[in-house]
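Shown next, in structure tokens, is the structure this report addresses.
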Protein chains: 2
Amino acid sequence: MLKLSTKGQYGVRAMFEIASGYGRGPITIREISEKQDVSVAYLEQILNKLRKSGMIQSVKGPGGGYVLSREPDRISIGEILRELEGPVAITSCLDPKEGCLRVEGCVTHLLWKSLGEKIEGFLDAMTLDDLLKGNQVIEIKKKEKNRQPGKNRAALTFVR
Amino acid sequence: MLKLSTKGQYGVRAMFEIASGYGRGPITIREISEKQDVSVAYLEQILNKLRKSGMIQSVKGPGGGYVLSREPDRISIGEILRELEGPVAITSCLDPKEGCLRVEGCVTHLLWKSLGEKIEGFLDAMTLDDLLKGNQVIEIKKKEKNRQPGKNRAALTFVR
DNA sequence: ATAATAGCCTAGTAATTCTGTCAAGTATTA
DNA sequence: TAATACTTGACAGAATTACTAGGCTATTAT
């Protein structure tokens with residue numbers, strides 16, 4: 001129960017990849033596709049939505065790709081998921097578009113509402129930076145291969 | 001995102017109805033159907049699953065219906081939902097049946113896992129009795145019509 | 001006994017959502 | 001101006017959801 005669609009999952013993973021290159025120039029869809037094992041065509045759809053919401057920006061032409069519009073610690077998982085899948089709406093009753101008309105249903109209404117708020121609170125508190133840090137812990141454990149430091153173009157170059 | 005199917009929602013509402021009659025004899029599917037506005041045929045499916053799990057019991061024949069097998073404060077919402085919709089599994093990765101094979105995906109894996117645990121914790125802590133009490137608060141506010149106390153058959157009569 | 005009541009069980013199915021693919025663009029830069 | 005990369009909309013197969021239909025079995029009041 002309470003499954004997340006692949007779109008949301010892939011979206012977060014794609015954002016993670018973009019975030020992990022933060023400050024080192026754009027990342028192409030192809031790269032994300034290879035690293036996260038999601039088709040380029042599907043990623044296009046997903047990144048397009050995220051771009052329109054303003055959290056990432058695209059750079060066209062050779063050498064182009066995607067960059068974060070903000071620092072990783074200012075982009076929450078909740079924001080990404082809401083953009084791709086709409087707000088948390090355990091029941092249709094709680095969808096902002098509709099209202100709950102069942103008076104007797106108010107008890108469960110409150111239940112779902114408070115669960116929804118708990119979930120949103122969690123997701124909004126978690127940022128891409130948290131994911132990056134979590135990853136670094138794992139990388140250290142795995143004795144990550146030394147990352148080559150060359151060619152670090154400034155992030156701001158790609159944000160316009 | 002993170003929708004609950006109608007099956008789960010109806011299941012909780014049906015259980016609420018059964019719980020609200022706790023100690024006053026069985027409630028028929030027809031009654032639940034009318035009060036909660038869900039078709040009898042669909043409720044049959046739902047209650048059948050719940051019955052097989054042991055949290056309710058059925059009484060056949062005239063005067064029959066459904067009764068709770070335990071007190072309302074010993075049946076959690078989580079238990080009901082798990083029975084109807086399986087465990088909380090934000091991603092298929094976390095479904096007990098499958099394992100997560102993506103090493104790089106571990107970061108998000110942890111994210112979904114801890115979200116799932118939070119949700120389950122919440123749902124397991126919430127019982128039918130909590131719903132009943134929540135309802136009473138509302139009823140008092142609304143100056144509920146006095147419930148007729150007649151014909152209170154003992155609950156144990158129907159539990160065998 | 002037997003008719004009425006109430007739950008039990010198995011299928012099937014229409015509608016919707018999900019999970020992508022495809023193809024034909026447009027924009028940018030080396 | 002060729003190469004690279006993003007943009008957009010349509011569409012299709014698979015899976016899931018949300019039911020309905022219809023016949024069966026068990027129990028009990030009379």
Side-chain angles (χ1 to χ4, degrees), chain A residues 1-11 13-14 18 21 25-34 36-54 56-67 69 81 84-86 89-92 95 153 157-158 160, chain B residues 1-11 13-14 17-18 21 25-34 36-53 56-67 69 81 84-86 89-92 95 153 157-158 160:
Chain A
M1 62 166 140
L2 294 176
K3 286 199 179 78
L4 203 60
S5 78
T6 58
K7 216 160 198 162
Q9 293 176 48
Y10 294 168
R13 274 157 54 187
I18 299 174
I27 294 183
T28 66
I29 284 192
R30 175 167 300 278
E31 282 178 89
I32 299 172
S33 165
E34 282 162 4
Q36 290 293 335
D37 200 29
V38 178
S39 84
V40 169
Y42 202 20
L43 277 174
E44 279 174 351
Q45 270 187 29
I46 294 169
L47 293 181
N48 206 353
K49 270 197 164 181
L50 296 177
R51 184 185 54 80
K52 281 177 182 161
S53 81
I56 52 175
Q57 282 168 316
S58 63
V59 182
K60 289 186 176 181
Y66 287 93
V67 245
S69 302
L81 292 180
L84 294 172
E85 306 198 26
I90 314 284
T91 64
S92 56
D95 205 301
R153 301 206 247 164
T157 309
F158 306 96
R160 36 184 173 177
Chain B
M1 63 166 139
L2 294 175
K3 287 198 178 81
L4 206 57
S5 77
T6 59
K7 214 160 201 163
Q9 293 176 48
Y10 294 168
R13 275 158 53 188
E17 284 303 328
I18 299 173
I27 293 182
T28 66
I29 285 191
R30 173 167 301 278
E31 282 179 90
I32 300 173
S33 166
E34 282 161 5
Q36 290 293 335
D37 199 31
V38 178
S39 83
V40 169
Y42 201 20
L43 277 174
E44 277 175 350
Q45 276 184 23
I46 295 169
L47 294 181
N48 208 347
K49 268 197 167 184
L50 296 177
R51 182 183 54 81
K52 281 176 182 163
S53 81
I56 53 176
Q57 282 167 316
S58 64
V59 183
K60 289 185 177 181
Y66 287 94
V67 246
S69 303
L81 293 180
L84 293 172
E85 308 198 23
I90 315 282
T91 63
S92 56
D95 204 303
R153 300 206 247 164
T157 311
F158 306 96
R160 32 187 179 175

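The figures that follow rest on heavy atoms only: side chains count, while hydrogens, waters and symmetry mates do not. Chain letters run A, B, ... following the sequence lines, proteins first and then strands; every chain starts at 1.
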[X] has an atom [atom1]; how far is it from atom [atom2] of [N], in whole Å?
X        : N       : atom1 : atom2 : value
Met1(B)  : dC18(C) : CE    : P     : 13 Å
Ile56(A) : dC6(D)  : CD1   : C1'   : 11 Å
Lys49(A) : dC6(D)  : NZ    : C1'   : 18 Å
Gln57(B) : dA26(D) : CD    : P     : 18 Å
Ile32(A) : dA5(D)  : CD1   : P     : 12 Å
Asp37(A) : dG20(C) : CG    : P     : 10 Å

Say you draw a straight line from [atom1] of [X] to [atom2] of [Y]; how long is it, rounded to the nearest 0.5 Å?
X        : Y        : atom1 : atom2 : value
Asp37(B) : Ile32(B) : CG    : CD1   : 13.5 Å
Ile29(A) : Gln36(A) : CD1   : CD    : 13.5 Å
Ser58(A) : Leu50(A) : OG    : CG    : 12.0 Å
Leu43(B) : Glu31(B) : CG    : CD    : 12.0 Å
Ile46(B) : Thr6(B)  : CD1   : OG1   : 6.5 Å

(message) Quick check on side-chain contact (heavy atoms from CB on, under 4.5 Å): which of Lys52(B), Gln45(B), Glu44(B) does Asn48(B) satisfy it with?
(response)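 So the option named by the test is Lys52(B).
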
Can you tabulate the close N/O pairs, meaning under 3.5 Å, that link protein atoms to atoms of nucleotides 15-19 of chain D?
from: dA18(D); atom 1: OP2; to: Thr6(B); atom 2: N; distance (Å): 3.0
from: dA18(D); atom 1: OP2; to: Thr6(B); atom 2: OG1; distance (Å): 3.2
from: dA18(D); atom 1: O5'; to: Thr6(B); atom 2: OG1; distance (Å): 3.4
from: dC19(D); atom 1: OP2; to: Tyr10(B); atom 2: OH; distance (Å): 3.2
from: dC19(D); atom 1: N4; to: Gln45(B); atom 2: NE2; distance (Å): 3.0

*Shortest non-hydrogen separation from Gln57(A) to Ser69(A) and the atoms involved*: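 Smallest interatomic distance, heavy atoms only, reads CG-OG, 3.3 Å.
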
Do any N or O atoms of the protein come closer than 3.5 Å to N or O atoms of nucleotides 1-7 of chain C, and which pairs are they?
from: dA6(C); atom 1: O4'; to: Gly61(B); atom 2: O; distance (Å): 3.3
from: dG7(C); atom 1: OP1; to: Ile29(B); atom 2: N; distance (Å): 3.1
from: dG7(C); atom 1: O3'; to: Ser58(B); atom 2: OG; distance (Å): 3.4

Heavy-atom donor-acceptor pair, Gln9(A) side chain to Leu4(A) backbone, under 3.5 Å: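 Yes, because the side chain of Gln9(A) sits within donor-acceptor range (under 3.5 Å) of the backbone of Leu4(A).
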
Is a side-chain N or O of Ser33(B) found less than 3.5 angstrom from the main chain of Val38(B), in a donor-acceptor match?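 Yes, Ser33(B) side chain to Val38(B) backbone: donor-acceptor pair under 3.5 Å.
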
**Request:** Please determine if a side-chain N or O atom of Asn48(B) lies less than 4.0 Å away from the OP1 or OP2 oxygen of dC9(C).
**Result:**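 Answer yes for this pair, as a side-chain N or O of Asn48(B) is under 4.0 Å from OP1 or OP2.
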
*asked:* Base, sugar-phosphate or nothing for Lys52(A)? Non-hydrogen atoms, less than 4.0 Å.
replied: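 Sugar-phosphate contact only.
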
> For the helix from dA1(C)-dT30(D) to dA30(C)-dT1(D), how many degrees between its two end axes (five pairs per end), to the nearest 10°?
Replying inline: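 Between the first-five-pair axis and the last-five-pair axis there is 10°.
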
| query | Does the side chain of Arg30(A) reach to within under 4.5 Å of the side chain of Glu34(A), using non-hydrogen atoms? | reply |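 Answer yes - side chains close enough.
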
> Taking it one step at a time, do Leu2(A) and Leu81(B) satisfy side chain to side chain contact (heavy atoms under 4.5 Å, CB included)?
Replying inline: CA-CA 10 Å; Leu2(A) 294 176; Leu81(B) 293 180; over 6 Å; no

